[in-house]
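Below, chains carry the letters A, B, ... as their sequence lines are ordered, and counting in each starts from 1.
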Protein chains: 2
Amino acid sequence: MKINKFKVHEKGLNRFFGPLEARIMDLLWEKEELSIKSVQTHLETDKAVSFNTVMTVMNRLADKGILNKRHVGRSFLYSPMLSREDFLNTQSKELTYELMDEFGSSVVVNHMLDALQNVDEGLVAKLEQKIKDWKKDR
Amino acid sequence: MKINKFKVHEKGLNRFFGPLEARIMDLLWEKEELSIKSVQTHLETDKAVSFNTVMTVMNRLADKGILNKRHVGRSFLYSPMLSREDFLNTQSKELTYELMDEFGSSVVVNHMLDALQNVDEGLVAKLEQKIKDWKKDR
DNA sequence: CACCTCACACTACACATTGTAGTGCAGGTG
DNA sequence: CACCTGCACTACAATGTGTAGTGTGAGGTG
């Protein structure tokens, strides 16, 4: 599972994948497991994509350990290695940790608090509760 | 100022720049303002780098709005648009905000608390204080 | 058995980013 | 005027992604 770059100015799956990759992952998370042919058919509702293009991209995703490739009869079925939730959770966790490691916990915490003030006041209460719970656990 | 990608598995400036770019930025943040020639000379203590290579990379950084290019006599002097501190602060802030926007504040806050438990217990106290201060300000 | 089709493999090219560097031009100096 | 120095322009390699053509092999059909 190798996601190397987080694209700051994209949104959603495009932060981790190229545009075609993102559409493929989105589809596979919805449908669970598909053949290349099925993926191509689904994608083609928007705009023609060559079967070979889809195959190349999906095999690259499989090489990177993001998709699972299962031999069934003459063909292969592909499915995401992780559920969408697990994937996003893994990524957000890794990124949060990397951020705190790179810039220092207190810097990140401060930015985070700034963001909370702007965006979500109720969360500060939850955060407070979390801290209380955490203290009890020690 | 366009930094598009945050490289998850690199460290320090290499998260934002290529290796040569990173060495150049590092040097410019240390020396404040330098000509291409000076940069090349400093870098060359490790290993030969062509003047033209340094120039190309520095001009690309200037095109991206990361370096300032000042005409002085026959030649140019380059300096970082932002101080190292401002740059890192901007980046960490932007990344923190993007993370919270992308994954949801509470997800990120939870990851953050996990990280704090593993890494830095004292910071939780600071966080608590921050929340107290923040409440007073409302 | 020869053939044909289908799904996959291999290969290649385009574009962007970064590292690398050659060639050329313009302006000041001996 | 010839030359040197510093910048501009151009080009090529490697990597990641999007795109697609051609090759190959396995199975079914006449």
Are [X] and [Y] close enough for a salt bridge, meaning some N to O gap below 4.0 Å?
X	Y	answer
A/E21	A/R60	no
A/E30	A/R84	no
B/E102	A/K11	no
A/E33	A/R70	yes

Can you tell me the distance, in whole Å, between the [atom1] atom of [X] and the [atom2] atom of [N]?
X	N	atom1	atom2	result
A/L67	C/dC8	CG	P	14 Å
B/K37	D/dC4	NZ	P	15 Å
B/I3	C/dT18	CD1	C1'	13 Å
B/F51	C/dT20	CZ	P	16 Å
B/F76	D/dA8	CZ	C1'	10 Å
B/N59	C/dT18	CG	C1'	14 Å
B/I36	D/dA8	CD1	C1'	10 Å
A/D63	C/dC8	CG	C1'	13 Å

What about A/F17 and A/F87, are their ring centers closer than 6.0 Å?
yes
Nucleotide by nucleotide, nucleotides 16-30 of chain D touches protein heavy atoms under 4.0 Å in the pattern (B base, S sugar-phosphate only, - none) -BBBBBB--------
Shortest non-hydrogen pair, B/N14 vs B/A22, comes out as OD1-CB, 3.6 Å
